Novice: 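If you scroll down you'll find the structure; I have some questions about it.
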Protein chains: 2
Amino acid sequence: MKNFVFQNTTKIYFGQNQLNHLGEEIKLYGSRILLVYGGGSIKRIGLYDSVMKELKKNKLTVFELAGVEPNPRHTTVNKGAAICKKEQIDIILAVGGGSTIDCSKAIATARYYDGDSWDIVSGKVPVTQALPLFTVLTIAATGSEMDCGGVISNMETNEKLGLVHPLLQPKVSFLDPANTFSVSAYQTACGSADILLHIFDCFYFADPEGKMDMIDRIMEEIIKTVIKYAPIAISKPDDYEARANLMWAASWALNGFLGTGTVMAPTCHMIEHEVSAFYDITHGHGLAILAPRWMEYILDETTAPQFKNFGVNVFGVDAALSDMAGAKAAIAKFKDFLFDTLGLKSKLSDLGIDDKNFSIMAKKACSNGILSGYKKLTPVDVEAIFKMCL
Amino acid sequence: MKNFVFQNTTKIYFGQNQLNHLGEEIKLYGSRILLVYGGGSIKRIGLYDSVMKELKKNKLTVFELAGVEPNPRHTTVNKGAAICKKEQIDIILAVGGGSTIDCSKAIATARYYDGDSWDIVSGKVPVTQALPLFTVLTIAATGSEMDCGGVISNMETNEKLGLVHPLLQPKVSFLDPANTFSVSAYQTACGSADILLHIFDCFYFADPEGKMDMIDRIMEEIIKTVIKYAPIAISKPDDYEARANLMWAASWALNGFLGTGTVMAPTCHMIEHEVSAFYDITHGHGLAILAPRWMEYILDETTAPQFKNFGVNVFGVDAALSDMAGAKAAIAKFKDFLFDTLGLKSKLSDLGIDDKNFSIMAKKACSNGILSGYKKLTPVDVEAIFKMCL
């Protein structure tokens, strides 16, 4: 187990009709708001009106940035930062899912930089300041509502990079499970895969040197929560219990708690970012396709015991099996869940992706020639994993 | 499941040799420190010297309040507040266990009040301000290092009352499992019972109207962590893994996370506070004696299913048993753990307590004539539970 520092300061309002606290909280930080959202689903479900009503009631001045893309672009960040500078924005209010929140985080800091926001995302320029960020969440997936990271894409250079800094932690997030009732079956499946893979990929299979036992057990319970409730939310979209469990699971999957005592090593995430940087697919779907192939590729006598544990503790695989047989059974159960229960297409080729860019994508995934993690991977390894996904 | 607000801002440094961050963190809040500690065990284990070295290295001015009691007294709080006023203290640094930290929380706010600190503890005067609090923890038990509550005793009136306010949340806490190597077998048992009972009593059996499923499952894993590691820490006091799991379990048992989606209703805690207010016993031991008798007293067809769940999910009780048989098996396993595995004496009479004050203690436990919780209890019920503990 490793030493660690843990802190998560975000204040969460969870449940229905909590938005009446938005005004009182936001006024602590100022009066000029940039409201950031995506393609307009928040208008269809009436959330835009609820938020605006609350802001107007509190006499706040609201500017808007609409149209944030899934896989949000640095060009959109630049637009948002320009509004913040011109209109002397005090607070950013992101209403949407992970893309909208990630974009808002980048805007919050780009507001204090005069050049292209990509300079900050790519690490050329450090984060030194950020506007306070509030969020109203509309999908259980990335956990961005309760962490200090985001992912921004540059479609000109086919790059998708993470931006992480304590200043990007949201001040207050509003999580109403009812706001996710309208999330489609496909997006619920992708979001659920994302939650599950955050735990699986970032922490559970991240550190071969041993973690804190309690945290391993809690990870398994959160994974099991997703496995239990994602199919319910897909078949009965307005099931509050299911949506609530998924929403709170998403926030805790990546808010730092599950990383205590271990190192974060999100191998599949690093590989997937190349796929969505090149092909703009939904991140959670890409992860679902890649993860079991990554398991198959690195399966050997050193990885089999923990893969088997995963199967036994999460999927009820028979503990009497050998490590190797148990590991294979775990992978099979995992695939069943992702591709049968969640109904996600199982191949990159199903998403119109061929092997044309695999070689360059593999090289980019291994930025220093090697991708460290549960097993070290070279570009040759990553390319082989991509090919297993066809 | 209930709506909730969750926030926990404490920054945790966990692990060995993290104390070298004490100076840099504390200097953000000022330069004049009141160091608060208990009976001197921190000197025996060298922790006092380590802390002082770090404070002196950072040129901080240190005043001391030593001798905080187990079940800390309001009179000690008054002493600490007087030092804070006279010496213009900027920060309180608690080095010790729950008693020392609880006392420090009360001092932090009593510093801003000119009368007796009991006025604040008893709620006559509200908390309006508090000095920033740092903690260095020496026992896994109360969770005070990561919550905003404390318990203070008034031995003149035989009262033991909780004080809870967001301003009492520690800014930074240092959790080094090695600092608990010297905790005795008895205190390790009492601390472990305290952790377990925080979950069991405050949340797991608190709300008959249904909680968030994910949180129930996580509660069971943290309880199982205590059941697994407490005996190891007792038989091998310097087992780092065991001490670390217990320490982190203690912090999460009562930091707000396990209360999300439910109401807090710490029935056994309310009953136990009367016992230690009258007899000054160790809180965790009192809880351990009371909890299984409380289960037996309220066992009926409405409580049996969840008691059985507890047995099945935590102790491996046979799921095929009837609810009533499963609940009885769960209580038996729970007693085995507390009184055999942890080795705690099982009766109040073992601690020299007779029934002399039971009637008045029972009335005090039911402050408004009734003690609400998983089952509502009257003073007659509470007195009957006390008698079952003889």
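Labels below follow one simple rule: chain letters A, B, ... track the order of the sequence lines, proteins then strands, and each chain is numbered from 1. All of these numbers come straight from a predicted model, not from anything done at the bench. Every heavy atom of this structure was used, including side-chain atoms; hydrogens, water molecules and symmetry mates were not.
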Novice: Highest number of heavy-atom pairs under 4.5 Å with chain B: which of A:Tyr240, A:Tyr13, A:Phe257?
Specialist: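 Among the listed options, the one with the most contacts to chain B is A:Phe257.
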Novice: Could you check if a side-chain atom of B:Trp252 sits within less than 4.5 angstrom of a side-chain atom of A:Ile218, using non-hydrogen atoms only?
Specialist: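 When only atoms from C-beta onward are counted, A:Ile218 and B:Trp252 do not touch, as no gap falls below 4.5 Å.
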Novice: Show your working on side-chain contact (heavy atoms from CB on, under 4.5 Å) between A:Thr260 and B:Phe14 and close with a plain yes or no.
Specialist: CA-CA 9 Å; A:Thr260 59; B:Phe14 193 102; over 6 Å; no
Novice: Donor-acceptor pair, distance only, cut-off 3.5 Å: does the side chain of A:Gln18 make one with the backbone of B:Phe4?
Specialist: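 Here the side-chain-to-backbone pair exists.
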Novice: Take a 6.0 Å sphere around NZ of A:Lys2 and say whether it holds more than 12 heavy atoms from other residues, nucleotides or ligands.
Specialist: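 Counting neighbours around NZ of A:Lys2, more than 12 heavy atoms of other residues, nucleotides or ligands fall under 6.0 Å, so yes.
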Novice: Check whether A:Glu241 reaches the backbone of B:Asp213 with its side chain - one donor and one acceptor, N or O, closer than 3.5 Å.
Specialist: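 Absent.
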Novice: Step by step, work out the side-chain contact (heavy atoms from CB on, under 4.5 Å) result for A:Phe6 and B:Met146.
Specialist: CA-CA 11 Å; A:Phe6 174 83; B:Met146 204 182 178; 3.8 Å; yes
Novice: Please classify the contact between B:Thr225 and chain A as side chain, backbone, both or neither, with a heavy-atom cut-off of under 4.5 Å.
Specialist: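 Only the side chain of B:Thr225 comes within 4.5 Å of chain A.
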Novice: Is the backbone N or O of A:Thr9 less than 3.5 Å from a side-chain atom of B:Gln7, with the two atoms forming a donor-acceptor pair by type?
Specialist: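 The answer is yes, because a donor-acceptor pair under 3.5 Å joins these two groups.
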Novice: Taking all non-hydrogen atoms of both residues into account, name the closest pair between B:Met1 and A:Ala244 and its distance.
Specialist: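 Of all heavy-atom pairs spanning B:Met1 and A:Ala244, the closest is SD-CB, 3.5 Å.
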Novice: Counting heavy-atom pairs under 4.5 Å to chain A, which of B:Arg217, B:Lys224, B:Glu220, B:Met214 comes out on top?
Specialist: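 Option with the top pair count is B:Met214.
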Novice: Heavy atoms only, distances under 4.5 angstrom: which of B:Asn17, B:Asn8, B:Leu175, B:Asp176 has the most pairs with chain A? Name it, please.
Specialist: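 Between B:Asn17, B:Asn8, B:Leu175, B:Asp176, the count favours B:Asn8.
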